[in-house]
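Lettering of chains follows the sequences in order, A, B, ..., and the numbering in each one begins at 1.
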Amino acid sequence: MANGTAKPTGLAFSRETFAKLTPGPFLQAHLQQAEPVRANGRSLDAFRTPTINTGSLSHSNGSAVVRIGDTAIVCGVRAEILLASDIPNPPSDDLSKDEIVEQMGLLVPNVELSTGCSPNHLPGNPPSTLAQALSYRILSLLHTANLIGLQDLRIQYAEPPTDDDLPDEGPKVVTKAYWTLYLDVLCIALDGNPFDALWAGVLSALQNTLLPKAWWDPDREMIVCSPLASEATRLQLRHLPVASTFAVFSTASLLKARSEAKSWVLADPDDFEEAVCVETVSVVVTSEDDGRESVLKLEKCGGGHVGKIEMGQCVRLAHQRWRDWQVVMSGG
Amino acid sequence: MPLDTSSYALAHLRLDGRRWNELRRLHAQTSTQAAADGSSYLEMGNTKVICTVAGPAESRKGGGGGGNAEAKIEVEIGIAGFSGVERKRRGKGDKRTSEMRHTIASAFSANLFAHLYPHSTITVNLHVLSQDGSLLAACLNATTLALIDAGIPMSDYIVACTAGSTASYASNDEDADPLLDLNGLEEQELPFLTVGTLGAGEKVSVLIMETRMQMTRLEAMLAAGVDGCRQIRSILDGVVRAHGKAVLDSAIS
């Protein structure tokens, strides 16, 4: 203090120390530059490139391994037979075919996060709130999207004509059983944004699913399946919706005026960014039969910084992401 | 049934075309997960297992255990619903799973240098993605790789494989061949044992047999199993060395 000629030495932190001590200001320092960039080097609206590997599990009807950056998940589809005679309350006739799939619960997703995929999800614990919420989000999205028609999941039987039937009536076709698809999704590594990867895994596994040829044997009174792979049918999905998640980083705090807060929308957040962002937006888009792209689902929670303009940008980015995913999912 | 086909009687080829002393395709990778301290992925034929190791870390129960002079090893096994031929959701108290967990934990407690980490716990998590025979052996091999990847010192690799016998299909003792590395179909029909050795020598660390068979055939099966373990050890050692070399090369460049 007495002689001011000596310069005080500054405290020089390494990048990693700075990130660990104050993650919020660390990210803000990156975003406030003239060319905003994120801590992982991506630009604000850059998604991570996904890779999909299907059909690697030998015992399941369909499987997929999806990797988005360091997030990796495995999804396996098993088809089991549900006999119509075992259903206590058969669906009433006035339900449309797609509602029957939902009401009878023919699609059963289950997300397992307690696998040691990240330090926040220690194994051996019962499913956390996040795992249960993700399971439910996938279930509701499967029903909303109407991906699978009931005719792919039904095993029907044309009863032979008896003497009581009128001569000009066609053969009576009755549904003897349904295929129930159990979708088990295991998260192997989690680096932020589980929902996009889980949904992509479910979709790819369903696309890869082979259902064996099954019919009702009237003599043995049971469903019989053919073991030949050549007679198995691949499940047809009506369309391929794609999910995109965004996180919003804002400098708002209780000590500052609301108008002074700045916010940035980050596409496909990783674990570090998810920890400092409170607000998230999730968009699911698909394309109709005539090629028009439509929004299937919008979710937003955690804050009020995303308005109409930012939401429009998110949807536009989600459409772009949909086109990128089509290339990956068709094996490009 | 797996040996009823004429191919075995005429040419001594099993259903998948292997001879009695041939292992299935063994594929292993280490350091597959960035978040875990050590991780590995192992395939023995169609049996696919992922292993992650967390630790050594402070015990969750705090100092309640008193003076633990050595690290405790805890094993958790999760068998996925799509792994087997039928979809079975196994609960936590499943006896078969508990026995496997205890076997793996006790095998490694004797082998790891646990005295270097007192009052701590090493947690091993195994996920079975697909089961086609040799499940316990695959779990032991995957655990060895993951523990090496985590940097926990041990005296040697613990490697395991299964060995069976064609005793029920042979007309007399001389024709009863031992079989190495049984797949799922063979395990259901033939008597077999799982043997785990410490390194390439003859020190047997794990031996589990749950089927009946005559004593005279046991020695041949054990010899075949120990030989198979020796082959597996050299494969796993190659994987570990290749990974180490890759890490060193990327650090230098």
**Asked** Which region of A/Asn110, side chain (C-beta onward) or backbone (N, CA, C, O), has a non-hydrogen atom less than 4.5 Å from a non-hydrogen atom of chain B, or is it both or neither?
**Response**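 Side chain only.
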**Request:** Heavy-atom distances under 4.5 Å only: say whether A/Leu186 touches chain B with side chain, backbone, both or neither.
**Result:** side chain
**Prompt:** Mind checking which of residues 21-31 of chain B sit less than 4.5 Å from chain A, heavy atom to heavy atom?
**Reply:** none
**Asked** Roughly how far apart are B/Leu126 CG and A/Thr115 OG1, rounded to 0.5 Å?
**Response**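 Atom-to-atom, B/Leu126:CG and A/Thr115:OG1 are 12.5 Å apart.
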**Asked** So how far is it from B/Lys48 NZ to A/Ser58 OG, rounded to the nearest 0.5 Å?
**Response** 4.5 Å
**Asked** Should B/Phe82 and A/Leu57 count as side-chain neighbours, where that means a heavy-atom distance under 4.5 Å?
**Response**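 Side chain of B/Phe82 against side chain of A/Leu57, heavy atoms only: contact under 4.5 Å found.
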**Asked** Mind checking whether B/His127 and A/Val74 have side chains closer than 4.5 Å, heavy atoms only?
**Response**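 Sidechains of A/Val74 and B/His127: no contact.
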**Prompt:** So which bits of residues 189-210 of chain A come within less than 4.5 Å of chain B, counting non-hydrogen atoms only?
**Reply:**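 Under the 4.5 Å heavy-atom cut-off, A/Ala189 qualify.
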Should the heavy atoms of other residues, nucleotides or ligands under 6.0 Å from [atom1] of [X] be counted, would the total exceed 12?
{"X": "A/Glu80", "atom1": "CD", "value": "yes"}
{"X": "A/Arg48", "atom1": "CZ", "value": "yes"}
{"X": "A/Phe18", "atom1": "CZ", "value": "yes"}

Without placing hydrogens or testing angles, list every side-chain donor-acceptor pair under 3.5 Å for residues 175-183 of chain A, not counting sequence neighbours.
unit_1, atom_1, unit_2, atom_2, d
A/Thr175, OG1, A/Gln156, NE2, 3.3

Search all heavy atoms of [X] against all heavy atoms of [Y] and return the closest pair with its distance.
{"X": "B/Arg87", "Y": "A/Arg78", "value": "CB-CD, 3.8 Å"}
{"X": "B/Gly81", "Y": "A/Asp184", "value": "CA-OD2, 3.8 Å"}
{"X": "B/Ser130", "Y": "A/His59", "value": "OG-CD2, 3.7 Å"}

**Item:** Contact origin within B/Ala80 toward chain A - heavy atom pairs under 4.5 Å
**Value:** side chain
Donor-acceptor contacts, no H, no angles, side chain residues 102-112 of chain B, under 3.5 Å, sequence neighbours left out:
unit_1, atom_1, unit_2, atom_2, d
B/Thr103, OG1, B/Glu99, O, 2.7
B/Ser106, OG, B/His102, O, 3.0
B/Ser106, OG, B/Thr103, O, 3.1
B/Ser109, OG, B/Ala105, O, 2.4
B/Asn111, OD1, B/Ser155, OG, 2.7
B/Asn111, ND2, B/Asp156, O, 3.1

**Prompt:** In terms of heavy-atom pairs under 4.5 Å with chain A, which of B/Thr52, B/Ile50, B/Asn125 leads?
**Reply:** B/Asn125
